[in-house]
Amino acid sequence: MSTITTTNPATGEAIETYALMSEAEAVHKVEAAHAAFLNWRQLSHADRAPYLTTIAEKLCGAADELAELMTRETGKLFKDGKREIEICAAIFEYTAKNGPDVLADEERTHGKDGARGIVTYQPIGVIYSIQPWNFPLYQPVRVLAANLMAGNACVLKHASICTGSGLRLRELCLDAGLPEDLFQVVLIDHDISDKLIEHSLIRGVTLTGSDGAGRHVGSAASKALKKTVLELGSNDAYLVLENADIETAVKYSVMGRLYNNGETCVSAKRFVVTDKVYDAFVSAFVEQMKAIKMGDPMDEDTQLGPLSSEDQFETVKEQVEKSVAKGAKVLCGGTVPDRTGAYYPATVLADVKPGMPAYDDEIFGPVAAVIRAKDDEDAMRIANDSRYGLGGGIFCEDEEHAIKLARDHFDTGMVRINSYGAADPNMPFGGVKDSGYGREHGGFGMKEFTNAKAIFLP
């Protein structure tokens, strides 16, 4: 039988080995989840809410243990892991508090005489959640919380390198009193995963991953007429406009590029800088990136840990080398340190142009691409010159101008102005173009996998 072995990317040491499930075992988990759903759907939204609140409490109570596990499995900074637990708890709490109102029946009218109508948001069944490794708890939690409140069951296929985190999340949900089969974790390969997508008891599929993975999963689901929500990659552009405050821009650009070791779909990745402030921004940005302390992710003063795996390290290294071979200039970093572990330094590339991985693709690591723009209009054009459209940012002291650009011109699902952040339970999360479709958070995620049912009264 095939197995999964998790590995600490900071040391190269093996952590745990797990047996992969057979197709029959995985299908049994789906069937059990469906049986649990039939009971769970009968509870009111208000009755479901306390389960979510208790899960939040269990997560907070195990914060140190969970953060350390995520650090060992993925190289995430321990302090970032603690913050991830806080976000997860906030999502469960937000969903418990707001879910009953968001999902409440709506009174409407129909017909020329204004007869009564009701719109009710009904659960549909088992949702299949395919999640990546960069946020081992947050990624499955944002799907789980919304769908538990909606009345659905959830089956998680987590990334193999953080198998332990996925299994521990389920244990904590059971400790919180969640019905045993309502949330399942399957340890399976891609072939069996495709078969689960086709299974009649799977009613919806959600994936966070690369655009390539999104195409595969979206195609498989569409053939089976299953609704999907796809949150895919991006190469988010952060614009430094002509009247930007340079200190603010540099502060949040460093934070935005290095948060979670640079392995975040909504990281600031391309920095589009206008001529007027180019030299001032790049000089200060490179100075701060050079000063970043790389080291043991468990140490409080470490600012940059290892990448999640040797495979990810090789991918980032190759993307930088290809960009340099095509003319990109290394302003700092770019040289692999002589040390054990999947460490890659904070790196800044200049003279980045179309045709380079640093311009066209997503570099999932601590590598910043700096692109010069003639003016604000040119910067906005360059930002949108991407197949992706997840997030982005604008540094500009004229807030009204920044809002207009963000609202009317930025072709992304999310825009940050004079700041950086990853996600908030009260704001929608998702993208356009090759960054996928559908929304999570902000109440939107609770309705993605519901049946908006119309009831007509005479």
Side-chain angles (χ1 to χ4, degrees), residues 132 134 207-215 218 230-241 244 249 252-253 256-257 259 262-274 278 281-282 285 315-316 318-320 322-324 326-328 347-396 402 404-417 420-423 428-439:
N134 57 329
L207 164 83
T208 299
S210 68
D211 49 322
R215 283 188 173 84
L230 302 178
E231 195 276 279
L232 310 178
S234 194
N235 58 358
D236 287 5
Y238 273 60
L239 282 60
V240 185
L241 300 184
Y252 287 112
S253 292
R257 182 57 287 204
Y259 176 62
E263 298 169 311
T264 307
C265 52
V266 286
S267 285
K269 298 184 177 83
R270 293 181 299 145
F271 298 87
V272 185
V273 189
T274 52
Y278 185 89
F281 172 82
V282 172
F285 182 50
T315 297
V316 170
E318 182 180 343
Q319 287 176 305
V320 171
K322 285 184 176 178
S323 296
V324 171
K326 292 189 174 187
T347 298
V348 179
L349 302 178
D351 299 337
V352 173
K353 295 178 172 57
M356 300 177 183
Y359 188 101
D360 297 334
D361 302 323
E362 177 176 44
I363 298 186
F364 220 56
V367 179
V370 179
I371 304 165
R372 186 190 289 266
K374 293 193 293 287
D375 52 26
D376 289 4
E377 184 179 350
D378 192 40
M380 191 73 262
R381 177 193 65 79
I382 293 168
N384 286 332
D385 182 27
S386 171
R387 70 181 189 273
Y388 295 114
L390 187 58
I394 299 172
F395 295 108
C396 176
K404 181 172 176 57
L405 286 176
R407 183 186 61 230
D408 300 340
H409 299 286
F410 222 140
D411 196 8
T412 63
M414 300 169 282
V415 184
R416 291 270 179 174
I417 295 175
Y420 174 76
F429 189 101
V432 295
K433 299 192 284 187
D434 282 11
S435 289
Y437 49 78
R439 291 294 180 268

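No experiment lies behind these values; they were computed from the predicted model shown.
Counting all heavy atoms, side chain and backbone alike, Leu232 lies closest to Ser210 at CD2-O, 3.5 Å. Here the closest non-hydrogen pair linking Lys433 and Tyr388 is CE-O, 3.0 Å. In terms of heavy atoms, Gly431 sits closest to Leu390 at N-CD1, 3.6 Å. Annotation for Tyr420 and Ala268: closest pair CE1-N, 4.1 Å, computed over non-hydrogen atoms. Minimum interatomic distance between Val415 and Thr412 (heavy atoms only, all atoms of both residues): CG2-OG1, 3.4 Å. Closest approach of Ser435 to Gly233, counting heavy atoms only: OG-O, 2.7 Å.
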Fill in: side chain to side chain contact (heavy atoms under 4.5 Å, CB included) between Ile382 and Arg372, intermediate numbers included
CA-CA 9 Å; Ile382 293 168; Arg372 186 190 289 266; over 6 Å; no
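Here CD1 of Ile394 is found 5.5 Å from CZ of Phe410. Values are rounded to the nearest 0.5 Å. Interatomic distance, CZ of Arg439 versus CE of Met414, reported as 7.0 Å (0.5 Å rounding). Taking CG of Asp411 as the start and CG of Asn384 as the end, the distance is 5.0 Å to the nearest 0.5 Å. Distance CZ/Arg381 to CG/Asp376: 13.5 Å, rounded to 0.5 Å. In this structure, OH on Tyr359 lies 12.5 Å from OG on Ser323, to the nearest 0.5 angstrom. Tyr238 OH to Arg416 CZ: the interatomic distance, rounded to the nearest 0.5 Å, is 6.5 Å.
With sequence neighbours left out, the salt bridge (charged side-chain N to carboxylate O under 4.0 Å, His left out) criterion links Glu377 to no other residue. Evaluation of the ring-ring contact (aromatic ring centres under 6.0 Å, His included) rule for Phe281 yields Phe285 as partners, not counting sequence neighbours. Scored by the side chain to side chain donor-acceptor pair (under 3.5 Å) test, Lys322 finds Glu318 as partners (sequence neighbours excluded).
In terms of modelled atom types and a separation under 3.5 Å, the side chain of Glu231 and the main chain of Gly430 share no donor-acceptor contact. Between the Asp360 side chain and the Pro354 main chain, no donor and acceptor come within less than 3.5 Å of each other.
Put simply, the residue from Lys269, Arg387, Gln319 that forms a side-chain hydrogen bond (donor to acceptor under 3.5 Å, both in side chains) with Asp361 is Arg387.
You'll find the side chain of Tyr278 reaches within 4.5 Å of the side chain of Val370, heavy atoms only. Residues Val316 and Ile363 are in side-chain contact: their nearest non-hydrogen atoms beyond the backbone lie under 4.5 Å apart. At least one side-chain heavy atom of Arg257 sits less than 4.5 Å from a side-chain heavy atom of Ser267. Residues Asp434 and Arg215 have side chains in contact (heavy-atom distance under 4.5 Å, counting atoms from C-beta outward).
Ring geometry for Tyr252 against Phe395 counts as parallel: the plane angle stays under 30°, on a 0 to 90° scale with 60° as the upper cut.
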